[in-house]
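Here the structure comes first, spelled out in structure tokens, and everything after it is commentary.
Note on naming: letters A, B, ... go to the chains in the order of the sequence lines (proteins, then strands), and numbering restarts at 1 for each one. Treat the numbers as computed from the prediction; the structure is a model and nothing was measured.
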Protein chains: 2
Amino acid sequence: MTASPTDERIRKGDRTRRAILARATDIASLEGLEGLSIGRLATDLAISKSGVFAHFGSKEELQLAAIDAAVAIYRQRVVLPAQSEPSGLVRLWLLADGWLAYSRERVFPGGCFFFNAQAEFDARPGRVRDALATASSRWHDLLGKAAEDARCAGDTVADLDADQLVFEVIAFLEAANGTNLLHEDGRAYDRAATAIRSRLLNASTAPASLAPRLTPRGDLRDPAA
Amino acid sequence: MTASPTDERIRKGDRTRRAILARATDIASLEGLEGLSIGRLATDLAISKSGVFAHFGSKEELQLAAIDAAVAIYRQRVVLPAQSEPSGLVRLWLLADGWLAYSRERVFPGGCFFFNAQAEFDARPGRVRDALATASSRWHDLLGKAAEDARCAGDTVADLDADQLVFEVIAFLEAANGTNLLHEDGRAYDRAATAIRSRLLNASTAPASLAPRLTPRGDLRDPAA
DNA sequence: CCTACCGATCGGTAGG
DNA sequence: CCTACCGATCGGTAGG
């Protein structure tokens with residue numbers, strides 16, 4: 001069976017929707033989710049304003065769809081690569097190091113999509129803020145689970161405060177992103193990696209054997225360097 | 001000599017300007033420096049739009065004036081109270097603890113003015129971004145000077161990396177502000193205070209005598225509690 | 001500080 | 001997906 005004209009039309013609609021969202025997440029990372037305007041998206045993509053509008057129905061729905069799209073990219077880029085790692089502390093490191101690469105390599109041109117969106121909406125009640133808070137909680141929980149796994153496996157000091165550790169790790173990630181963007185200072189990523197490595201070794205019961213596994217991403221991709 | 005009509009008019013103009021900027025910094029902390037609109041300021045203050053406009057000449061100048069006003073409040077509230085402290089490490093603590101109080105007590109209703117403004121402008125070149133980068137650098141330098149003072153006085157380990165310590169302290173402050181705003185979680189401030197205290201004690205050559213001086217602000221104001 | 005106005009852009013709608 | 005349109009609001013100006 002060949003594709004029907006209806007299938008074709010649906011597929012084309014999906015492609016347009018994806019193109020809109022790709023542009024929307026980029027713009028939002030640079031100028032904010034509120035700075036995102038339907039008219040500008042239309043101009044950039046050379047379609048009509050109402051053509052963009054029809055895909056979402058309101059600006060708020062567009063913002064929510066952009067958040068979903070950004071979550072999917074984040075999952076692919078930061079979360080998935082670390083999921084097969086069995087050791088909690090090493091998984092925590094891979095997640096953190098993957099996040100630093102995600103920020104440094106400008107997967108979104110304005111730096112971490114969520115960093116900007118959260119600062120923008122943290123004082124504005126509504127569905128957008130709720131969606132951002134949920135995404136943030138999931139990320140916290142993912143790191144928290146890795147820390148708890150490590151503790152249950154006896155890889156950390158018995159009285160490890162997993163929430164405190166996660167708070168500190170995330171603080172370093174966001175500070176690296178923010179400092180790098182505002183001051184164009186690449187050392188911020190090194191400072192964050194140093195701080196996180198130090199915290200993980202401090203929590204570990206076997207720092208000597210953990211240390212060589214906390215290598216930066218670049219070393220893994222290019223072992224000859 | 002009594003005040004001339006001209007003096008009177010100048011004084012009234014100053015009062016209006018101050019009222020505009022007080023409102024402007026509050027709005028900007030909640031909705032961003034770009035979300036700040038001249039028309040809305042005029043409505044809120046019950047004066048005409050061009051009346052607001054005349055004080056600044058452009059929206060960018062209004063934004064720059066709002067940053068200056070926020071810097072003055074920040075100085076008064078966070079920087080000055082710690083300046084008389086002779087010990088570098090204790091001064092660093094007082095600055096950090098004062099910052100947490102400034103965020104927690106919502107000196108600006110949307111949390112730290114600079115946290116929001118920096119996330120908003122860190123990817124937009126221009127005078128506003130430059131002013132924010134300068135303010136950020138001054139804050140970094142102020143904390144860095146306190147750390148260097150401590151090191152020169154022999155209060156820290158000899159090979160202390162002052163920039164690394166400052167990076168970590170600021171990371172904890174901003175994470176506390178962001179987490180508290182997005183999740184309405186007061187524990188974020190305790191986590192930041194715990195983390196900073198731990199870092200300072202770790203850097204100190206005399207942690208046992210330093211520890212009792214790293215008390216939270218509330219304890220100082222109400223010793224009976 | 002005011003009124004009155006400008007062109008541009010905003011989100012959103014009607015009708016196709 | 002389109003054209004054509006709506007009221008509201010934006011930053012900014014003219015003239016006082």
Side-chain angles (χ1 to χ4, degrees), chain A residues 3-24 27-28 30-67 117 120-121 124 126-129, chain B residues 3-24 27-28 30-67 117 120-121 124 126-129:
Chain A
S4 74
T6 304
D7 288 346
E8 194 57 50
R9 202 177 297 172
I10 287 172
R11 212 172 311 143
K12 193 179 173 201
D14 273 3
R15 238 180 304 154
T16 302
R17 192 188 149 94
R18 275 200 298 274
I20 294 170
L21 289 175
R23 187 91 192 102
I27 292 176
L30 290 164
E31 300 175 25
L33 273 168
E34 204 60 47
L36 197 60
S37 97
I38 294 169
R40 183 180 161 187
L41 277 173
T43 305
D44 287 2
L45 298 167
I47 58 180
S48 73
K49 217 179 72 171
S50 68
V52 175
F53 190 88
H55 279 276
F56 306 97
S58 74
K59 179 166 181 178
E60 189 180 48
E61 289 295 339
L62 166 65
Q63 292 170 325
L64 292 168
I67 291 170
E120 188 180 7
F121 277 86
R124 298 192 212 181
R127 295 169 67 205
V128 172
R129 178 217 160 100
Chain B
S4 73
T6 304
D7 287 347
E8 194 57 50
R9 202 179 296 171
I10 287 172
R11 214 172 308 144
K12 194 180 171 200
D14 272 3
R15 239 180 303 155
T16 301
R17 191 188 151 92
R18 275 199 299 272
I20 295 169
L21 288 174
R23 187 89 193 102
I27 292 176
L30 290 164
E31 300 175 25
L33 271 168
E34 204 60 47
L36 195 61
S37 96
I38 294 169
R40 185 179 161 190
L41 276 173
T43 305
D44 287 1
L45 297 168
I47 57 180
S48 72
K49 217 178 73 172
S50 68
V52 174
F53 190 89
H55 279 278
F56 306 98
S58 75
K59 180 168 180 178
E60 190 180 48
E61 289 295 338
L62 166 64
Q63 292 170 325
L64 292 168
I67 291 170
E120 188 180 6
F121 277 87
R124 299 191 212 183
R127 295 170 66 204
V128 172
R129 178 217 160 102

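When rounded to the nearest whole Å, the span between CG of A/Leu33 and C1' of C/dC10 equals 17 Å. In this structure, B/Glu61 places its CD atom 13 Å from P of D/dT13, rounding to the nearest Å. If you measure from atom CG of A/Leu62 to atom C1' of C/dC10, you get 14 Å, rounded to the nearest angstrom. Rounded to an integer number of Å, the gap from B/Arg17 CZ to C/dC1 C1' is 15 Å. Following rounding to the nearest Å, B/Ile47 (CD1) and C/dC1 (P) show an atom-to-atom distance of 6 Å.
Annotation for B/Ala117 and B/Leu33: closest pair CB-CD1, 3.8 Å, computed over non-hydrogen atoms. The two residues A/Leu21 and A/Ala66 have their closest heavy-atom pair at CD2-N, 3.8 Å. Of all heavy-atom pairs between A/Ala24 and A/Leu36, the closest is O-CD1, 3.5 Å. Scanning both residues, A/Phe121 and A/Arg129, for their nearest heavy atoms gives O-CG, 3.4 Å.
Contact annotation: the side chain of A/Glu120 never approaches that of A/Glu31 to less than 4.5 Å [non-hydrogen atoms, C-beta and beyond]. Contact check for B/Phe56 versus B/Ile20: side-chain heavy atoms found under the 4.5 Å cut-off. The shortest distance between side-chain heavy atoms of B/Glu61 and B/His55 does not fall below 4.5 Å.
For the atom pair CZ of A/Arg127 and CG of A/Leu64, the computed distance is 5.0 Å after rounding to the nearest 0.5 Å. From A/Lys49, atom NZ reaches atom CG of A/Leu41 across 12.0 Å, with rounding to the nearest 0.5 Å. Atoms OG1 and CD1, from B/Thr43 and B/Ile38 in turn, are 12.0 Å apart once rounded to the nearest 0.5 Å.
Interface residues of residues 34-44 of chain A facing DNA chain D, ordered by number: none; criterion, heavy-atom separation under 4.0 Å. Of the residues in residues 50-59 of chain B, those placing a heavy atom less than 4.0 Å from an atom of DNA chain D are B/Ser50, B/Phe53, B/Ser58, B/Lys59, in numerical order.
The side chain of A/Lys49 approaches C/dC10 more closely than any other nucleotide in the set D/dC2, C/dC10, C/dC1.
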- Query: Given the rule that a pair is Watson-Crick or G-U wobble with both distances under 3.5 Å, how would you write DNA chain D in dot-bracket, using | for pairs to a different strand?
  - Reply: ||||||||||||||||
